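Here is the structure we will look at.
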Amino acid sequence: MVDYANLIDKALQAKKHAYVPYSNLHVGAALLCDDGTIFTGVNIENVSYGATNCAERTAIFKAVSEGKRNFLAIAVVSDMDRLIYPCGICRQVLAEFMVPLVVVSNQSGDYKVYSTDTLLPNAFTDFDS
């Protein structure tokens, strides 16, 4: 069972480290692995916007770089009062690494839980699988 409140709290703490000199929108993510390990990530902006990386991908890439490949859920939070959702590229990465649950939250901790399949139906995947 996923402790959503704990995952959201980890994401809220992480977002403090976001590098956002252009948008000033702090986003944090917390990725739960099947062994209980949590990897956090933040959005990291660049003046060349294509070089910017989202919090969700930062967390996933950190986990993968440490040998983790089995995930239970990811929480995504921001400074906004409304819920924040992963962008299209992040949704595709979530599908690639089969993160089953996405917890979207606002800065107050209000949240909703979605399956990755719901957020990205008919995802582009490896056709040989």
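When a residue number appears, it is its place in the shown sequence, counting from 1. We use all heavy atoms of the structure for the numbers below, so side chains are in, but hydrogens, waters and symmetry mates are not. Here the structure is a predicted model, which means the values were calculated and not measured.
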So Tyr4 and Tyr111, would you call those rings parallel, tilted or perpendicular, with 30° and 60° as cut-offs?
tilted
Where the side chain of Asn46 meets the backbone of Tyr49, is there a donor-acceptor pair that is under 3.5 Å apart?
no
Nearest heavy atoms of Cys33 and Leu72, plus distance in Å:
O-CD1, 3.9 Å
Rounded to the nearest 0.5 angstrom, the CZ-CG distance for Phe97 and Asn70 is 11.5 Å
According to a 4.5 Å side-chain heavy-atom criterion applied to Ile, Leu, Val, Met, Phe, Trp and Tyr, with indirect links allowed, do Phe61 and Val99 form part of one hydrophobic cluster?
yes
Which atom names give the shortest non-hydrogen contact between Ile60 and Leu94, and what distance separates them?
CD1-CD2, 3.6 Å
Between Val102 and Val113, is a side chain to side chain contact (heavy atoms under 4.5 Å, CB included) present by the stated rule, with each step listed?
CA-CA 6 Å; Val102 180; Val113 181; over 6 Å; no
Separation between CZ (Phe71) and CG (Asp35), nearest 0.5 Å, reads 10.0 Å
Where the side chain of Asn43 meets the backbone of Val20, is there a donor-acceptor pair that is under 3.5 Å apart?
no
Quick one: OG on Ser105 to NZ on Lys112, what's the gap to the nearest 0.5 Å?
12.0 Å
Return the minimal non-hydrogen interatomic distance between Ala63 and Phe39, and the atom names on each side.
CB-CD1, 3.5 Å
Hey, does the side chain of Gln92 reach the backbone of Phe124 with a donor-acceptor pair shorter than 3.5 angstrom?
yes
Just wondering, do Val77 and Ile8 contact through their side chains at under 4.5 Å, heavy atoms?
yes
Output, in order, the C-alpha distance, side-chain angles, deciding distance and verdict of side chain to side chain contact (heavy atoms under 4.5 Å, CB included) for Val103 and Val76.
CA-CA 6 Å; Val103 183; Val76 185; over 6 Å; no
Check the surroundings of atom CG in Asn122: do more than 12 heavy atoms from other residues, nucleotides or ligands lie under 6.0 Å from it?
no
To the nearest 0.5 Å, how far apart are OG1 in Thr58 and CG in Asn53?
4.0 Å
same_hphob_cluster(Ile74, Ile44) at 4.5 Å side-chain heavy-atom cutoff:
no
If we count only N and O atoms by modelled type, under 3.5 Å, do the side chains of Asp117 and Ser115 hold a donor and an acceptor together?
no
Does Val93 reach the side chain of Arg57, with side-chain heavy atoms less than 4.5 Å apart?
yes
Any side-chain donor near an acceptor of the partner, Ser78 and Gln107, under 3.5 Å
no
Stepwise, does the salt bridge (Lys or Arg N to Asp or Glu O under 4.0 Å) test hold for Asp34 with Lys68?
CA-CA 9 Å; Asp34 68 344; Lys68 302 294 184 181; over 6 Å; no
Taking Leu101 as the starting point, is it possible to reach Leu7 by hopping between hydrophobic residues whose side chains are less than 4.5 Å apart?
yes
More than 12 heavy atoms from other groups under 6.0 Å of CE on Met98:
no
Can you see which heavy atom on Thr40 is nearest to which on Lys62, and at what distance?
O-NZ, 2.8 Å
Check: Thr116 side chain, Ala95 main-chain N or O, donor-acceptor pair, under 3.5 Å
no
What residue among Asp3, Leu32, Ile38 forms side-chain contact (heavy atoms from CB on, under 4.5 Å) with Lys10?
Ile38
I need the minimum non-hydrogen distance between Asp79 and His26, along with the two atoms involved.
OD2-ND1, 2.8 Å
Enclosure of Ile89 CD1 (heavy-atom neighbours >12, cutoff 6.0 Å)
no
With rounding to the nearest 0.5 angstrom, report the CD to OG1 distance, Glu45 to Thr52.
5.5 Å
Measuring from atom CG of Leu25 to atom CD1 of Ile84, what distance do you get when rounded to the nearest 0.5 angstrom?
5.0 Å
Residue pair Arg91 / Pro86: nearest heavy atoms and the distance that separates them:
NE-O, 2.7 Å
Show your reasoning for whether ring-ring contact (aromatic ring centres under 6.0 Å, His included) applies to Tyr114 and Tyr85.
CA-CA 10 Å; Tyr114 296 91; Tyr85 290 80; 5.6 Å; yes
